[in-house]
Number of protein chains: 2
Amino acid sequence: MTIEEDQARFLRCIGEPTRLGILKLLVEGEKCVGELASVLNKEQSLVSHHLRALKECNIVKDEQEAQKVYYKLTDVRLARLIIDSEALMKELSLCKCQEVNYGREENQRSGEGQICPTS
Amino acid sequence: MTIEEDQARFLRCIGEPTRLGILKLLVEGEKCVGELASVLNKEQSLVSHHLRALKECNIVKDEQEAQKVYYKLTDVRLARLIIDSEALMKELSLCKCQEVNYGREENQRSGEGQICPTS
DNA sequence: CGTTTATATGAATTATAGTTCATATATAAA
DNA sequence: TTTATATATGAACTATAATTCATATAAACG
């Protein structure tokens with residue numbers, strides 16, 4: 001089991017339309033299953049299946065309160081990931097030819113090709 | 001076609017083990033197909049298929065140079081996304097019960113539940 | 001208790017995606 | 001102008017995942 005397999009599972013878990021819908025609602029605050037289903041206009045069982053998938057990836061956690069079960073994000077940084085990836089996706093689909101300053105390996109000058117530019 | 005569908009496609013495109021392997025190599029600098037295939041120890045045609053998928057999502061772009069075709073990330077921020085999501089995934093899988101300070105909607109006090117805490 | 005409300009689950013179906021293999025294309029080199 | 005090298009492609013196969021439906025569980029309420 002490689003790190004890429006784990007990371008892929010994690011990203012694919014987030015990368016499903018209905019689950020993204022759920023997660024974006026949970027960014028605003030915790031919600032119960034029925035609430036999610038009705039807002040998203042999806043079947044309760046479908047939402048339940050998706051919540052289970054999210055829970056298995058530790059992306060959400062649940063808490064029972066009377067009959068209802070409330071779900072919330074396990075970590076605030078998930079909200080960032082969701083929001084940032086949406087923004088990035090939008091930009092990339094608009095601008096297919098945005099330049100990146102990595103050089104060919106043999107041509108790299110120092111300072112280029114760094115992963116996290118100080119901005 | 002909703003924004004969640006687009007975003008899901010984008011995240012799923014990144015969220016595949018071999019493509020993540022490719023992308024992590026491209027974070028270091030551009031590479032040609034054969035180079036990627038040999039480092040990853042995968043068939044050339046498989047890598048080629050995956051590169052096409054990445055290209056269709058505007059995640060990578062290619063540039064021919066003699067017989068070789070070099071691929072690179074379209075945007076530096078993709079490196080950030082890949083690195084940050086790996087870090088987050090690792091933390092979440094270690095710590096399944098990390099608290100997040102969103103309140104139930106009806107219980108939210110001002111300042112809680114904000115998306116991007118100033119940190 | 002029986003009934004309503006809320007959620008979960010499993011099996012069956014359908015849809016989507018990854019992989020392999022054979023082969024096509026295209027540039028460069030002999 | 002044939003041969004070698006590098007990459008792309010399409011079809012067939014296989015694997016994985018999403019959706020639906022029927023039903024199970026479980027708490028609350030009359």
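The figures that follow rest on heavy atoms only: side chains count, while hydrogens, waters and symmetry mates do not. Protein chains get the first letters and strands the later ones, always in sequence-line order, with residue 1 at the start of each.
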**OP:** Starting at OG of Ser93(A), measure out to CD of Gln7(B) and round the result to the nearest 0.5 Å.
**Re:** 11.0 Å
Subject >> Gap between atoms CD and C1', on Glu63(A) and dT7(C) respectively (whole Å) >> reply: 16 Å
Original post:
Considering heavy-atom distances to DNA chain D, does His50(A) or Gln64(A) have its closest nucleotide positioned more toward the 5' end?
Top reply: His50(A)
Original post:
Is the ring centre of His49(A) under 5.5 Å from the base ring centre of dT19(D), and are the two planes under 30° apart, so that they stack?
Top reply: no
**OP:** Give one of base, sugar-phosphate or nothing for Arg9(B), where a contact means two heavy atoms less than 4.0 Å apart.
**Re:** nothing
Subject >> 5′-ward residue of the pair Glu43(A)/Gly15(A) relative to DNA chain D >> reply: Gly15(A)
Original post:
What distance do Phe10(A) atom CZ and Leu88(B) atom CG have between them, rounded to the nearest 0.5 Å?
Top reply: 4.5 Å
Original post:
Which of the following nucleotides, dT7(D), dT5(D), dA6(C), is nearest to the side chain of Val33(B)?
Top reply: dT7(D)
Original post:
In the structure shown, which nucleotide is the Watson-Crick or G-U wobble counterpart of dT9(D), with both distances under 3.5 Å?
Top reply: dA22(C)
Subject >> His50(A) vs Leu46(A) side-chain heavy atoms within contact, under 4.5 Å >> reply: yes
Original post:
Are Glu86(A) and Lys90(A) close enough for a salt bridge, meaning some N to O gap below 4.0 Å?
Top reply: yes
Original post:
Please walk me through it: do Leu54(B) and Cys13(B) pass side chain to side chain contact (heavy atoms under 4.5 Å, CB included)?
Top reply: CA-CA 6 Å; Leu54(B) 289 166; Cys13(B) 192; 3.9 Å; yes
**OP:** Return the value, rounded to whole Å, for the distance between atom CG of Leu46(B) and atom C1' of dA8(D).
**Re:** 13 Å
Original post:
Taking only side-chain nitrogens and oxygens of Arg19(A), does any of them come within less than 4.0 Å of OP1 or OP2 of dA17(D)?
Top reply: no
**OP:** Round to the nearest Å and state the distance from Glu5(B) atom CD to dA18(D) atom P.
**Re:** 14 Å
Subject >> Nearest-angstrom distance from the residue atom NZ of Lys68(A) to P of dA8(C) >> reply: 13 Å
Original post:
Given atom CG of Asp62(B) and atom C1' of dA8(D), what is their separation to the nearest angstrom?
Top reply: 11 Å
Subject >> Whole-Å distance separating the CG atom of Leu54(A) from the P atom of dA18(D) >> reply: 10 Å
Original post:
Are the charged groups of Glu4(A) and Lys24(B) less than 4.0 angstrom apart, N to O?
Top reply: yes
Subject >> Whole-Å gap separating C1' (dA15(C)) and CD (Glu16(A)) >> reply: 12 Å
Original post:
Closer to the 5' end of DNA chain C via nearest nucleotide, is it Cys32(A) or Lys42(B)?
Top reply: Cys32(A)
Original post:
From the list dA6(D), dA27(D), dC21(C), which nucleotide is the closest neighbour of the side chain of Ser45(B)?
Top reply: dC21(C)
Original post:
Between the base of dA8(D) and the side chain of Gln44(B), is there a donor-acceptor distance below 3.5 Å?
Top reply: yes
Subject >> Among dA28(C), dA8(D), dT19(D), the one nearest Ala66(B) by side-chain distance >> reply: dA28(C)
**OP:** Check the distance between dT19(D)'s C1' and Arg52(A)'s CZ and give it to me in whole angstrom.
**Re:** 13 Å
Original post:
In terms of side-chain heavy atoms of Ser48(B), which of dA17(C), dT19(D), dT9(D) is nearest?
Top reply: dT9(D)
Original post:
Are Arg12(B) and dA17(C) close enough that a side-chain N or O sits under 4.0 Å from OP1 or OP2?
Top reply: yes
Original post:
Is the phosphate of dA6(D), meaning OP1 or OP2, less than 4.0 Å from a side-chain N or O of Tyr71(B)?
Top reply: no
